[in-house]
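Read through the structure below, which is laid out as structure tokens, and then see the notes.
Within every chain, numbering begins at 1; the chains are lettered A, B, ... in the order of the sequence lines, protein sequences first and strands thereafter.
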Number of protein chains: 2
Amino acid sequence: MARRTIRQPSPSADLDARKATILEAVVREHIDTAQPVGSSAVAATSHLAVSSATVRSEMVTLEREGYLAQPHTSAGRVPTDKGYRYFVDHLQAGIVGEAQQQQIKDFFANVRGEVEDVLAQTSTLLSQLTSYTSVVVGTGHAQSAILSAQLVSLDARHQLVVTVFADGSVTKHSVLSAFDVSHVEVAEASRQLNALLIGTVLGARVQVPSRTDHVATLVREAVATLHAEPPTLEGDQVFIGGSSKVAESFDGVETVRQVLAILEQELLVVSLVQDILDQGLSVAIGSEHGFQPLASCAVVVAPVTIDGHPSGAVGLLGPTRMKYSEAMAAARAVSAQLTQHFDGDDRAKS
Amino acid sequence: MARRTIRQPSPSADLDARKATILEAVVREHIDTAQPVGSSAVAATSHLAVSSATVRSEMVTLEREGYLAQPHTSAGRVPTDKGYRYFVDHLQAGIVGEAQQQQIKDFFANVRGEVEDVLAQTSTLLSQLTSYTSVVVGTGHAQSAILSAQLVSLDARHQLVVTVFADGSVTKHSVLSAFDVSHVEVAEASRQLNALLIGTVLGARVQVPSRTDHVATLVREAVATLHAEPPTLEGDQVFIGGSSKVAESFDGVETVRQVLAILEQELLVVSLVQDILDQGLSVAIGSEHGFQPLASCAVVVAPVTIDGHPSGAVGLLGPTRMKYSEAMAAARAVSAQLTQHFDGDDRAKS
DNA sequence: GTTAGCACTCAATTCTACTGAGTGCTAACC
DNA sequence: GGTTAGCACTCAGTAGAATTGAGTGCTAAC
């Protein structure tokens, strides 16, 4: 089926005030109780001074317009994806609680270590804050210039190309040569390689030596190995935090299995998050993201930028009846801190 | 409670042949059906020419001795952990099927990339082979000598220490200096750092310069950062494959949640696997590993060695009623290939 | 020691009746 | 016109009661 559904920017023939209030009450109640919501509950909890009968007749309209659904005739109403969408679109931005704010602050004040570690730990943090499964995506450094490229000899035939990029990331690639190489030759090749690649980006055309001696061959092999990587996906990193939360969010074991199976496929997760960001959304509800097995899930995302350009995202995955305002607030707060951590912290600070 | 249970090497007051056959039949049947096994089923499937009544009276004994248990009076028998243990200890080594053998061969023939990638993919492979959740643990390179230590300048105040170890692993650590450093200074510091650390192991005492100029300070900071790492755990890596399989193996959502929660804690997983290996076992059943939340799990492990000394392990986690012979065969086959891949492949080949 | 026979147990299943939350409709009301 | 009280109706869920049947333990005979 449609892998990605292009959502128009909400036709949202705005509901009148009372219908909106009723819809909101249903959503809130359903998120709370996970049960279908009846007209009398709405009449009681919403501050509308109307009877359940009135609510009932409004509900009929809301159902006809696709915002609500009825599991069966004698049950209350449940929000549809469209209903959640309306709710989310008209949600005043939530804010994170005191305690959580503090937890985030503490975390970023104390976190240390390299980018990967920070991202992995951030993922755990985000999951703990919200008790949903979190996804942290770091996009590759395809565009970063090379700061340094060294060749290190493991043994006579195995060398390692260690490359440092301007964004601080480091890669290694092993090179197996067809002949024994001396340490002197490796050192010389390393010098040449460094001179050749410094300041370039992966995939750029460089002038490799055409001689056939050991050193030149080694340099050619190293360059070839480096450039052999698919440049777009290289370095894409996904960190899943709190996958056990999946088992809390959904009740059917089968659903849990399906969601976990999706989360195992990093490429899928990256493209899911990317799709949502591409559409300029911060939430994808149920069928909106076009992944059938995640039909009962909602995904909240917030982009992370470094030096102003997008370089990743944090996300939360929960049931469609997730606590959107909390989740969105947490995701935004964490992504903001992360952004600040990487470009504030790495340049300006101290 | 007891975090680790020391198991004596099976008192195993060996059962007589008929009891053993009956126990085996119960275990086999139960693994197959997940149901309590009745005496008549045993009489039918085992090749003992005895009636169900005879089987019944033997079962009473087996139950009294702790090999079997009865969920309730009018149900069949279910193996206890002790029952599984006897079964496993007397299991003739299984072999992996044709197709799987081929799949493993193909995988290792085609796999490329760095150690981390290979381990991560191996984890996925192992999980696919067995449809259990797999765990691949790579132990750190604490004992590896440093082949190269370079300092790379990210900007005036940020430097990166990139260290290459003899086993081919690479680490990076960022260093933030309190003053601006020129490229010339970084280059000089890098040279000195390399000269200082080459051939040493992490944690070794090295003679750092005591001068107070920029270069010396930089070198001191770099060394301090490197040595600040907890040397024992540094580089311990855990790769979990097929966590969605957890949802297939257990039926209660709560059990699934608990197991996933354990798997999220890498340190726990490492120590679990390490414990089992330390006890010289290849299987830990139910309570044997002392992790309460994993009481209904069994863990199969196989060590991976590089150059003869232990450097990791592969494992499988399933329900206590897992298919032990298959799982053990798969784990052994994969660990053997992995061992060969890393020391065969990396030294001898071509 | 083995086994056929039998009474007994108890989880699981099926059936029925009932409950009650919630609806849709209508007629009266403001 | 919109609102509401009243009422008949629907139907999932629950609670008992009855039934089933797989499997046991025991005993007496072989």
Side-chain angles (χ1 to χ4, degrees), chain A residues 15-80 83 251-252 321, chain B residues 15-80 83 251-252 321:
Chain A
L15 299 172
D16 70 56
R18 199 169 64 183
K19 286 201 183 63
T21 312
I22 291 174
L23 176 56
E24 189 192 324
V26 172
V27 173
R28 293 221 126 88
E29 188 75 10
H30 181 68
I31 285 175
D32 239 51
T33 62
Q35 298 290 322
V37 181
S39 55
S40 55
V42 173
T45 62
S46 76
H47 297 151
L48 292 171
V50 292
S51 75
S52 64
T54 310
V55 172
R56 221 138 55 217
S57 73
E58 293 283 47
M59 279 172 140
V60 172
T61 317
L62 284 168
E63 183 170 0
R64 200 164 35 226
E65 290 175 1
Y67 294 97
L68 296 177
Q70 232 178 342
H72 60 265
T73 332
S74 73
R77 257 61 173 218
V78 160
T80 60
D251 18 60
R321 46 170 283 275
Chain B
L15 300 172
D16 68 56
R18 198 169 64 181
K19 285 200 185 61
T21 311
I22 291 174
L23 175 56
E24 188 192 325
V26 172
V27 173
R28 291 222 127 86
E29 188 76 8
H30 181 67
I31 286 175
D32 239 50
T33 62
Q35 299 289 323
V37 181
S39 55
S40 54
V42 172
T45 61
S46 76
H47 296 151
L48 293 171
V50 292
S51 75
S52 64
T54 310
V55 173
R56 222 139 53 217
S57 72
E58 293 284 47
M59 279 171 142
V60 171
T61 318
L62 283 168
E63 183 171 359
R64 198 164 38 229
E65 291 175 1
Y67 294 97
L68 296 177
Q70 232 179 342
H72 58 266
T73 333
S74 72
R77 257 65 172 212
V78 159
T80 59
D251 20 59
R321 45 169 284 275

In this structure, how many angstroms lie between the [atom2] atom of [N] and the [atom1] atom of [X], rounded?
X        : N       : atom1 : atom2 : answer
Gln35(B) : dA11(C) : CD    : P     : 15 Å
Glu63(A) : dT23(C) : CD    : P     : 10 Å
Gln70(A) : dC9(D)  : CD    : P     : 18 Å
Glu58(B) : dT2(C)  : CD    : P     : 7 Å
Arg77(A) : dA12(D) : CZ    : C1'   : 16 Å
Ile22(A) : dT23(C) : CD1   : C1'   : 15 Å
His30(A) : dG22(C) : NE2   : C1'   : 16 Å
Met59(A) : dT3(D)  : CE    : C1'   : 17 Å

Using OP1 and OP2 only, check whether a side-chain N or O of [X] sits under 4.0 Å from [N].
X        : N       : answer
Thr73(B) : dC10(C) : yes
Arg56(B) : dT2(C)  : no
Arg18(B) : dT2(C)  : yes

Tell me what [X] touches on the nucleic acid: a base, only sugar-phosphate, or nothing, going by heavy atoms under 4.0 Å.
X        : answer
Ser57(A) : nothing
Ala43(A) : nothing
Ala41(B) : nothing
Ser52(A) : nothing

Heavy-atom check, side chain of [X] versus side chain of [Y], under 4.5 Å:
X        : Y        : value
Glu63(B) : Thr80(B) : no
Val42(A) : Glu58(A) : no
Arg56(A) : Val60(A) : no

Stem segments of DNA chain D by first residue number [Watson-Crick or G-U, under 3.5 Å, at least 3]: C:1-30 with D:1-30

Nearest heavy atom decides the nucleotide; on that basis, is Val50(B) or Ala53(A) closer to the 5' end of DNA chain C? Val50(B)

Closest to the 5' end of DNA chain C, once Val60(A) and Thr54(B) are matched to their nearest nucleotides, is Thr54(B)

Ignoring the backbone of [X], work out which of [options] is nearest its side chain.
X        : options                   : result
Ser39(A) : dG24(C), dT3(C), dT23(C)  : dT23(C)
Ser51(B) : dC10(C), dG25(D), dT3(C)  : dT3(C)
Ser74(B) : dT4(D), dC10(C), dC11(D)  : dC10(C)
His72(B) : dG22(C), dA11(C), dG25(D) : dA11(C)

Within the distance-only criterion (no hydrogens, no angle test), does the side chain of [X] pair as donor or acceptor with the backbone N or O of [Y] below 3.5 angstrom?
X        : Y        : answer
Thr33(A) : Glu29(A) : yes
Thr54(B) : Val50(B) : no
His30(A) : Gln35(A) : yes
Gln70(B) : Ala75(B) : yes

Does atom CG of Asp251(B) have more than 12 heavy-atom neighbours, drawn from other residues, nucleotides or ligands, at distances under 6.0 Å? no

